[in-house]
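Heads up, the thing below is written out as structure tokens.
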Amino acid sequence: MINRILDFIRPNKFSDTGQEVQELMKTIDKQRLPRHIAIIMDGNGRWAQKQGLPRAFGHRAGVESLRDIIKLCCELKIQILTVYAFSTENWKRPREEINVLMDLLVEYLKKEIQELCKNGVRINPIGRLGELPRPALDALSAAVKLSSDNNGLILNLALNYGGRTEIIDAIRAIATDVETGRLKAGQINNDTVAAHLYTAGQPDPDLLIRPSGDFRISNFLLWQLAYTEFWLTSTLWPDFRRIHLLRAMVDFQRRERRFGGLKDE
Ligand code: FPP
């Protein structure tokens with residue numbers, strides 16, 4: 001009887017998340033990890049609201065989640081992590097919230113850069129960066145410079161990023177190549193477009209994670225996600241920890257990726 005009551009109270013088989021993390025670490029096949037993981041860090045506002053706190057607290061708590069996820073990616077030697085930190089549409093938010101997000105970015109980069117470098121992380125901001133406020137730009141250039149020789153995890157920080165804007169920027173660059181005679185219109189193919197995106201040279205994400213229960217792509221990596229596996233959870237980003245990423249990876253490894261083809265016989 002007591003066990004049945006305990007089973008009901010426990011959210012899953014393991015009462016201790018530490019124990020589940022260990023089990024999942026043993027379960028995942030280290031040879032078949034996703035090379036590139038993308039995350040829409042959503043739910044900060046709702047998390048804060050649930051605790052009766054201003055939205056800024058949710059964003060601050062979201063930084064803790066990011067820290068834990070980066071650490072796990074480094075431990076597992078994941079090649080690329082792309083996180084959606086500020087979209088081209090986020091400028092519609094109240095000025096105070098935009099300021100909080102920009103200040104958090106500067107604080108994060110200044111406080112974490114040493115630890116990131118110690119773990120071999122290379123900071124790679126993507127988006128229309130020129131439109132960011134000066135202090136954010138300065139902190140980003142310093143972080144890029146300090147981490148440029150690192151050869152561990154590439155951390156794509158999507159800032160003032162929009163998938164459509166990225167495609168427009170690529171089209172403009174390709175059109176210039178055509179205008180100046182460097183390229184013929186008929187030669188444009190998948191590789192041409194990919195080579196003009198902010199993620200040029202990187203493999204497309206294998207796994208996209210969206211926390212907080214929404215089922216939207218929200219203008220994120222529109223070209224690159226063509227054959228990415230999605231993993232959605234109702235957990236809000238500030239509650240998202242390595243255990244969730246490990247669950248996502250185990251699930252990812254059970255999937256059959258056909259890229260529009262047929263199952264290998
Ligand atoms: C979406 O949640 C989240 C954002 C717009 C910002 C994400 C930023 C962080 C996690 C801060 C840390 C990032 C860096 C790089 C320091 P939301 O505010 O839309 O949440 P809601 O949908 O619940 O309102």
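Indexing begins at 1, ligand by ligand and atom by atom, following the structure's order. Residue numbers run from 1 in the order of the sequence given.
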Original post:
Hey, is L101 touching ligand 1 through its side chain, its backbone, both or neither, going by heavy atoms under 4.0 Å?
Top reply: side chain
Subject >> Passing option when Y198 is tested against T165, N124, D169, T82 for side-chain hydrogen bond (donor to acceptor under 3.5 Å, both in side chains) >> reply: D169
Subject >> Pair D138 + R134, salt bridge at N-O below 4.0 Å >> reply: yes
Original post:
Under 3.5 Å, is there a donor-acceptor pair linking the side chains of R164 and T88?
Top reply: no
Subject >> Contact partition for V83 relative to ligand 1, non-hydrogen atoms under 4.0 Å >> reply: neither
Original post:
For R257, which residues count as a salt bridge (Lys or Arg N to Asp or Glu O under 4.0 Å) partner, sequence neighbours excluded?
Top reply: D206, E229
**OP:** Give the residue, atom name and distance (to 0.1 Å) of the protein heavy atom nearest atom 14 (C) of ligand 1.
**Re:** L66 CD2, 4.2 Å
**OP:** Verify whether one side chain among Q202 and Q79 offers a donor that lies under 3.5 Å from an acceptor in the other.
**Re:** no
Original post:
Of all the heavy atoms in R55, does at least one lie under 4.0 Å from an atom in ligand 1?
Top reply: yes
Original post:
For atom 5 (C) of ligand 1, what is the nearest protein heavy atom, given as residue, atom name and distance?
Top reply: N90 OD1, 3.6 Å
Original post:
ligand 1 and G62, any nitrogen or oxygen pair closer than 3.5 angstrom?
Top reply: no
Subject >> Contact check: D42 vs ligand 1, nitrogen or oxygen atoms, below 3.5 angstrom >> reply: yes
**OP:** Give a yes/no verdict on whether any heavy atom in E107 is under 4.0 Å from an atom of ligand 1.
**Re:** no
**OP:** Using a strict 4.0 Å cut-off to heavy atoms of V63, name the atoms of ligand 1 that fall inside it.
**Re:** 12 (C)
**OP:** Kindly confirm or rule out an N or O of N44 lying under 3.5 angstrom from an N or O of ligand 1.
**Re:** yes
Original post:
Is there a donor-acceptor contact under 3.5 Å linking the side chains of S148 and R122?
Top reply: no
**OP:** Considering only non-hydrogen protein atoms, determine which one is nearest to atom 22 (O) of ligand 1 and report residue, atom name and distance to 0.1 Å.
**Re:** R46 NH2, 2.8 Å
Original post:
Among protein heavy atoms, which lies nearest atom 1 (C) of ligand 1, and at what distance?
Top reply: M41 O, 3.3 Å
Original post:
Is R67 salt-bridged to E64, cutoff N-O under 4.0 Å?
Top reply: yes
Subject >> Closest approach of any protein heavy atom to atom 11 (C) of ligand 1, naming residue and atom >> reply: H59 O, 3.8 Å
Original post:
Using a side-chain heavy atom cutoff under 4.5 Å and only I, L, V, M, F, W and Y, what cluster partners does F259 have?
Top reply: Y227
Original post:
Taking heavy atoms and a distance under 4.0 Å, where does W237 meet ligand 1: side chain, backbone, both or neither?
Top reply: side chain
**OP:** Heavy-atom distances under 4.0 Å are what count here, so tell me which part of R93 touches ligand 1: side chain, backbone, both or neither.
**Re:** side chain
Subject >> Option whose closest heavy atom lies nearest to atom 7 (C) of ligand 1, chosen from A85, P211, S212 >> reply: A85
Original post:
Just by distance, with hydrogens left out, do W91 and N160 show a side-chain donor and acceptor under 3.5 Å apart?
Top reply: yes
Subject >> Donor-acceptor side-chain pairing of T192 and N189 below 3.5 angstrom >> reply: yes
